[in-house]
Amino acid sequence: MKKIFKIYLFILLFSLIFVSGQEVKGENKGQSQKINISPWAVSDLNDAGFYGIYPLDKIKAKADYKRIADKEDLDTLYKFTKEKLGALGISVKNENFIFKDFSRKEILSSINFLLNTDDSFSQKIFFGSKKDDYLMVKIPLEEAISLYTRATRIRINESGKAAKAFFYEATKDGSKAYLLGSIHLGTNEMYPLKDEILKAFKESEILYFEIDLTDPDLQNFYDQEMFYKDEGSLKKDLGDDLYKRLEESLKKLNLNIKNLDKVRPWAIYSTLSMDHENKYGKVLGVERYFLFLSEREGKEVGELENAQMQSKLFTRLSTETYKELIKNILDELDKNSYKNINRGLYLIQEAWIQNDLKNFNNLIGTEASNEADNEYNKSITDGRDEYMAKKIDEILREKKGRIIFVVIGAAHVAPENSVRRFLEDMGYNVSEK
């Protein structure tokens with residue numbers, strides 16, 4: 001398993017570049033999908049997808065959220081909410097609820113039935129009229145989703161089962177930076193985040209990532225970096241035998257890469273490093289979640305590094321190193337497919353959810369078993385933590401009393417010798433939240 005966690009680090013860094021997937025946008029915002037939904041319901045619908053109580057496949061398939069919810073909609077919400085809470089050890093009813101009239105009152109009753117709560121809980125999630133002529137009207141789908149999402153969020157936070165993550169506060173001279181160590185490839189189990197994190201985000205003026213993921217030219221930049229610009233070719237760099245083996249492996253993985261011979265080795269390695277059966281991993285990443293929140297709240301987005309800097313992390317390794325890395329990962333895939341790689345990612349995600357610093361640091365600190373992995377690890381980590389800490393300090397010194405929210409890879413926050421240590425060396429008071 002030693003080299004698996006080094007592969008994991010590459011997965012996280014590369015996936016950050018390609019954070020994608022379209023959030024649902026309301027009728028009054030720029031529309032990436034032709035959907036009918038009230039602006040007030042958009043956040044709850046996106047949270048439902050992140051929590052896993054209304055599957056992303058259904059969110060993509062449905063277009064009209066103002067229509068009346070049907071039995072399939074309500075059964076889906078009930079079933080997945082029940083499974084979500086039950087998996088966390090939160091007490092829920094074993095019995096199913098039989099939906100009959102699809103009214104607002106019935107939906108509130110179904111939630112109280114599931115959670116073993118009463119009308120006092122309903123008051124925490126329902127903000128409409130309490131009159132019977134309103135409660136007995138059939139509920140629109142967007143309202144049903146919102147009620148179940150709010151109930152899930154509150155219940156999980158009250159039970160202390162929300163994701164704790166690696167979250168810190170750095171203060172100096174009246175200025176403050178919240179530091180959230182992120183996981184770039186996510187799962188439904190990573191949500192909801194604990195309330196303290198979201199409250200800190202609302203308090204902050206600007207959101208900072210490693211690179212500005214709202215930059216419209218970002219994807220084009222990396223598309224250009226991925227391909228040879230001259231007479232170079234992948235086959236020439238890898239050699240006939242390794243190139244043929246690569247072609248065979250890609251075929252087995254059902255990965256059809258256009259113009260394969262013109263793709264640079266670093267892009268091939270990154271492609272092999274991620275299980276493409278995990279179609280929602282990037283969509284559910286922590287950056288993706290806060291990108292959406294920043295848009296909804298109109299929060300400015302900035303970067304600590306930039307695309308050119310991160311590109312060099314990949315391109316500065318030699319062709320010989322990438323040949324060895326590609327050979328190593330093909331060996332792993334031939335032997336175990338993505339079993340060990342996915343297992344490593346799962347363990348990292350679990351440590352993040354539980355705020356298990358010791359386990360997380362043990363996992364990412366595992367010594368590489370060969371020179372190529374060590375060279376790669378050195379390339380993507382050397383000097384970055386100190387640089388990002390200095391950038392945070394520079395941003396905070398620009399304006400006294402400034403409050404910012406920083407989302408960077410957990411490997412830059414959780415270890416003892418990371419961004420937070422460099423901030424402490426600069427005189428910041430850094431505390432875990």
Do the side chains of [Y] and [X] get nearer than 4.5 Å, heavy atoms only?
X	Y	value
Lys66	Leu141	no
Trp40	Glu142	yes
Asn362	Lys358	yes
Leu304	Glu210	no
Tyr178	Ser204	yes
Ser110	Leu74	no
Leu253	Leu333	yes
Ile139	Leu147	yes

In Å, rounded to the nearest 0.5 Å, how long is the span from [atom1] of [X] to [atom2] of [Y]?
X	Y	atom1	atom2	value
Met426	Glu386	CE	CD	6.5 Å
Leu115	Thr152	CG	OG1	7.5 Å
Gln308	Ile211	CD	CD1	10.0 Å
Glu106	Leu135	CD	CG	12.5 Å
Leu284	Leu185	CG	CG	9.5 Å
Phe290	Ile197	CZ	CD1	6.5 Å

Q) Name the one of Tyr289, Tyr51, Phe292 that satisfies ring-ring contact (aromatic ring centres under 6.0 Å, His included) with Tyr191? A) Tyr289

Side-chain donor or acceptor of [X] paired with backbone N/O of [Y] under 3.5 Å:
X	Y	answer
Ser418	Pro415	yes
Asp119	Ser122	no
Glu300	Ile206	no
Asn355	Ala165	yes
Asn188	Phe50	yes
Lys164	Gln354	no
His276	Thr271	yes
Asp73	Ala69	no
Asn336	Lys339	no
Arg155	Ile90	no

Q. Is it true that the side chains of Glu416 and Asn361 contain a donor and an acceptor less than 3.5 Å apart?
A. no

Q: Would you please say whether a donor-acceptor pair under 3.5 Å links the side chains of Thr117 and Asn112?
A: yes

**Q.** Pi-cation contact, Tyr428 with Lys172 (under 6.0 Å, within 45°)
**A.** yes

**Q.** Asn256 CG: over 12 foreign heavy atoms closer than 6.0 Å
**A.** no

Below 4.0 angstrom, N of the basic side chain to O of the carboxylate: do [X] and [Y] qualify?
X	Y	answer
Glu158	Lys124	yes
Asp385	Lys390	no
Asp75	Lys71	yes
Lys79	Glu83	yes
Glu196	Lys433	no
Asp44	Arg150	yes
Arg421	Asp425	yes
Arg397	Asp173	no
Glu189	Lys84	no
Lys202	Glu297	yes

Q: Let me see the working for Phe97 and Phe99 under ring pair (Phe, Tyr, Trp, His ring centres under 6.0 Å), right down to the final yes or no.
A: CA-CA 6 Å; Phe97 187 90; Phe99 293 96; 5.0 Å; yes

Heavy-atom pair of closest approach, residues [X] and [Y]:
X	Y	result
Ala200	Phe167	CB-CZ, 3.6 Å
Ala389	Leu423	O-CD2, 3.6 Å
Ala411	Phe360	N-CZ, 3.9 Å
Tyr338	Leu272	OH-O, 2.7 Å
Gly401	Ser175	N-OG, 3.0 Å
Ala163	Met190	CB-O, 3.2 Å

Q: Could you check Leu179 against Glu169 for side chain to side chain contact (heavy atoms under 4.5 Å, CB included), going step by step and ending with a plain yes or no?
A: CA-CA 6 Å; Leu179 310 175; Glu169 177 186 84; over 6 Å; no

Q | Intermediate values then yes/no, side chain to side chain contact (heavy atoms under 4.5 Å, CB included), Lys391 and Glu303 | A | CA-CA 9 Å; Lys391 187 68 176 179; Glu303 61 186 7; over 6 Å; no

Q) Only one of Val301, Ile404, Ile408 clears side-chain contact (heavy atoms from CB on, under 4.5 Å) with Tyr208; which? A) Ile404

(Q) Among residues at least two apart in sequence or on other chains, which ones pass side chain to side chain donor-acceptor pair (under 3.5 Å) with Lys130? (A) none

Q. What do the steps show when you test Glu398 against Arg402 for salt bridge (charged side-chain N to carboxylate O under 4.0 Å, His left out), and what is the final call?
A. CA-CA 8 Å; Glu398 286 177 356; Arg402 172 172 281 177; 3.4 Å; yes

Q) Which of parallel (below 30°), tilted (30 to 60°) and perpendicular (above 60°) describes Phe201 and Phe405? A) perpendicular

Q: Evaluate the criterion side chain to side chain contact (heavy atoms under 4.5 Å, CB included) for residue pair Glu205 and Lys299; output intermediate values, then yes/no.
A: CA-CA 7 Å; Glu205 303 166 30; Lys299 205 177 291 288; over 6 Å; no

Q.
So, using side-chain contact (heavy atoms from CB on, under 4.5 Å) as the criterion, who are the partners of Thr321 when residues are at least two apart?
A. Leu317, Ser318, Leu325, Ala372, Glu375

Q.
I'd like to know whether Glu287 forms a side chain to side chain contact (heavy atoms under 4.5 Å, CB included) with Val407, so could you lay out the CA-CA distance, the side-chain angles of the two residues, the decisive distance to 0.1 Å, and finally the verdict.
A. CA-CA 7 Å; Glu287 281 80 8; Val407 180; 3.9 Å; yes

